[in-house]
2 protein chains.
Amino acid sequence: MTTSTAPFSGLQLQSKVQDSGELVLSLATVQTPAPEADEVIVQVQATPINPSDIGLLFGPADMSTATFTGTPTHPVVTARIPAAAMPGMAGRMNEAMPVGNEGAGIVVAAGASPEAQALLGKTVALLGGAMYAQFRRVKASQCLPLAEGTTAAEGASCFVNPLTALGMVETMKLEGHSALVHTAAASNLGQMLNKICQADGIKLVNIVRNAEAAAALRGIGAEYVCDSSLPGFTADLTEALVATGATLAFDATGGGKLAGQILSCMEAAINRSILLTHPKEYSRYGSNTLKQVYIYGGLDMRPTEIVRNFGMTWGVGGWLLFPFLNRAGVATAAAMKARVSRELRTTFASHYSKEISLTQALSAEAIAAYGQRMTGEKYLINPSLG
Amino acid sequence: MTTSTAPFSGLQLQSKVQDSGELVLSLATVQTPAPEADEVIVQVQATPINPSDIGLLFGPADMSTATFTGTPTHPVVTARIPAAAMPGMAGRMNEAMPVGNEGAGIVVAAGASPEAQALLGKTVALLGGAMYAQFRRVKASQCLPLAEGTTAAEGASCFVNPLTALGMVETMKLEGHSALVHTAAASNLGQMLNKICQADGIKLVNIVRNAEAAAALRGIGAEYVCDSSLPGFTADLTEALVATGATLAFDATGGGKLAGQILSCMEAAINRSILLTHPKEYSRYGSNTLKQVYIYGGLDMRPTEIVRNFGMTWGVGGWLLFPFLNRAGVATAAAMKARVSRELRTTFASHYSKEISLTQALSAEAIAAYGQRMTGEKYLINPSLG
């Protein structure tokens, strides 16, 4: 088997926060050096635009101020960053940062080690940043070889959404809860979570923002679906919480009143059960059952507003996949990854509304669409298209 | 030694939420039955009005609507409860609830057991509710006998504030933090916490709301005092957090932006240290250091507003003394109580602005004062005054 040692030259999407108070997005031509013995070079063919990627890509810039310059093959996007957000940007100031958490592609060069050589010509999935690029050099051990016949597009979202959905279930077990609430529940991730919970017999309350999303979830068998755009939302949610006993929620939106509403409805559901079974246990501090909301995304960028009417036994906090995998331990993390491999084309199948090139990813039209962070508007970049 | 077995008749302050949407406060004359073998009857001589008592006393009533009727010896206070708050009151509806978490007094009757008999005539401190009353029947085991020469007034606040202050330090140790932040820090509890931290060599950042409180704390040796009424507050707080490394805060106010500001300043302090020592560790998700704020009171009844600009490794939650004591375990709880006994007249000395009778506690003047929940306006009820 031959190994290419020539450096690969290709486009890489970069995001820069400038001390002038501007965000600049552009495509740079970068050289990918020959792989070390334990490394491979992957030609990236599919890499999704996840909400977590958009956070790094746009930073706190106001994209309604975006201007589009440059050339057709090397577009440049410039947008204004609110002055209040600049102090938080010190860590990435004036640095051109590559973007893209995960992706998949074909191994076009490999180092001398047997592990690296074994991957040559294979289609593999990758996690590790800088995937919005035509070539990516990684350790052979970072590659997840896809089963024969699986395309790069099918394997592009192997990690972030599948492991996050499984991580929610594992968090539930680890922290002693017995059912789950999920918001923005019609997302790709939300659909995966429904399939996992149905397979594992876990009750799941799905919170969605419109009737279409509710119908989509019911269409894949979701039993508890609450539409926050309806006037009876909190009553519906409370009923679902009584039925499921869920005391743990994962919230992708983060901002506004939703996290607090979930806690409030959980407390009402718990108290209804207490009043039915142990009516004398009233405590002015509220129930002693822990009610927890983890915010794992920021689809709603407003402040989180919590009306504290649910006693004192509650928590709201941030949740991220990687710290959780560390906390869960090696065995649990390995079992989660093995399940993703086994069920990649079923439970963990992703759906994209559009496949675009790197150049198109910087067009006004595409940014207007994927920048909305809307459920169902998920884009896949194919860097090999240019 | 003789034991009185006659029932004691005395006044008890009661708080009732009526389904008409009104709160009614009144004094009832109640009979205290003769004690069982393992019980004693305490004539309550001193019982503080803690913020946690005010929560049960007023419920969610709008005290600006209070009307004052009844007779000079049996005053009645009536106030309107906002309709939105009524559903949360189901558990206490139309029930006359006694009030008062803790107090102290003299044992005037005792059951036949040696433990009960040993307390007869002694001044004891008590925890357990219904202390705003002239007599209180309790288990002998619930009584903490005060050292010879200690008055009921000196022992009245033996439990809630001292154990809460010690509980904050124990929580810090249990959860792996190394320094503390405390808000409304000039309170009785805040002064105790300063004494504990000075004695134990723990760095404490005190957040206060005005210059008088700041001066009072500096007067008792506080090193880090930040006044939230000053324009440079968040800069001052960040400096204090850099100096102390505090990543855990206890917030008595609960409402408004303060909890979020603390998290934001903690993150800024952590990132400043990272940029000095490991500048390449920038993560768009923010630092991986857990930043935690526990809300243990509700001095500010507005919603909690959290501007999430501090990464994903954070938590905000409720904190209550009794669940914490359970979590800490018997040995830790016993050590905390023993320390309170030893240092009751030094570290854990409480100060009251006024001593009032039960009748006076229901006067417009008193309610206007203690109802403000202001630092430094702490009232002590002496039920033996009538």
Side-chain angles (χ1 to χ4, degrees), chain A residues 15 52 55-57 59-60 84-85 87-88 90-93 95 97 254-255 257 259-260 264 267-268 271-272 274-275 279-288 290-292 294-298 301-320 322-323 326, chain B residues 52 55-57 59-60 84-85 87-88 90-93 95 97 99 254-255 257 259-260 264 267-268 271-272 274-275 279-288 290-292 294-298 301-320 322-323 326:
Chain A
S15 167
S52 52
L56 179 60
L57 187 64
R92 58 175 290 193
M93 193 62 74
E95 214 171 309
M97 303 191 73
K257 297 187 176 184
S264 177
E267 177 71 0
N271 280 333
R272 199 195 294 179
I274 290 178
L275 286 170
K280 287 289 164 199
E281 285 192 7
Y282 175 77
S283 160
R284 93 111 194 141
Y285 290 118
S287 76
N288 285 322
L290 178 62
K291 299 159 286 290
Q292 176 74 42
Y294 284 119
I295 294 175
Y296 75 95
M301 293 172 75
R302 291 176 300 165
T304 312
E305 187 183 336
I306 301 171
V307 178
R308 305 180 314 284
N309 60 356
F310 36 68
M312 294 295 277
T313 312
W314 61 280
V316 172
W319 189 95
L320 267 188
F322 296 103
N326 282 335
Chain B
S52 53
L56 180 59
L57 187 65
R92 56 175 291 191
M93 194 62 73
E95 215 171 307
M97 303 192 74
V99 188
K257 297 188 174 181
S264 176
E267 178 71 359
N271 280 335
R272 199 195 295 177
I274 289 178
L275 286 171
K280 286 289 165 201
E281 285 191 7
Y282 174 77
S283 160
R284 92 111 195 144
Y285 290 119
S287 76
N288 285 323
L290 177 61
K291 299 158 286 290
Q292 176 73 43
Y294 283 120
I295 294 174
Y296 75 96
M301 294 172 74
R302 291 175 300 165
T304 311
E305 187 183 337
I306 301 171
V307 178
R308 305 180 314 286
N309 60 357
F310 36 68
M312 294 295 277
T313 312
W314 61 279
V316 172
W319 189 95
L320 267 188
F322 296 104
N326 283 335

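The structure presented is a predicted model; accordingly, all values stated were derived computationally and were not measured. Proteins get letters first, then strands, A, B, ... in listed order; numbering begins at 1 in each.
Interface remark: A/E95 contributes side-chain atoms only to the contact with chain B (heavy atom separation under 4.5 Å). Looking at A/R272, there are no atoms closer than 4.5 Å to chain B (heavy atoms on both sides), in backbone or side chain. For A/L290, no part lies under 4.5 angstrom from a heavy atom of chain B.
Contact count against chain B (heavy-atom pairs under 4.5 Å) is highest for A/T304 among A/N271, A/V307, A/T304.
One distance of note links CH2 of A/W314 with CD1 of B/I295; it measures 4.0 Å at 0.5 Å rounding.
For the residue pair B/R308 and A/M301, the shortest heavy atom distance occurs at NH2-CA, 4.2 Å.
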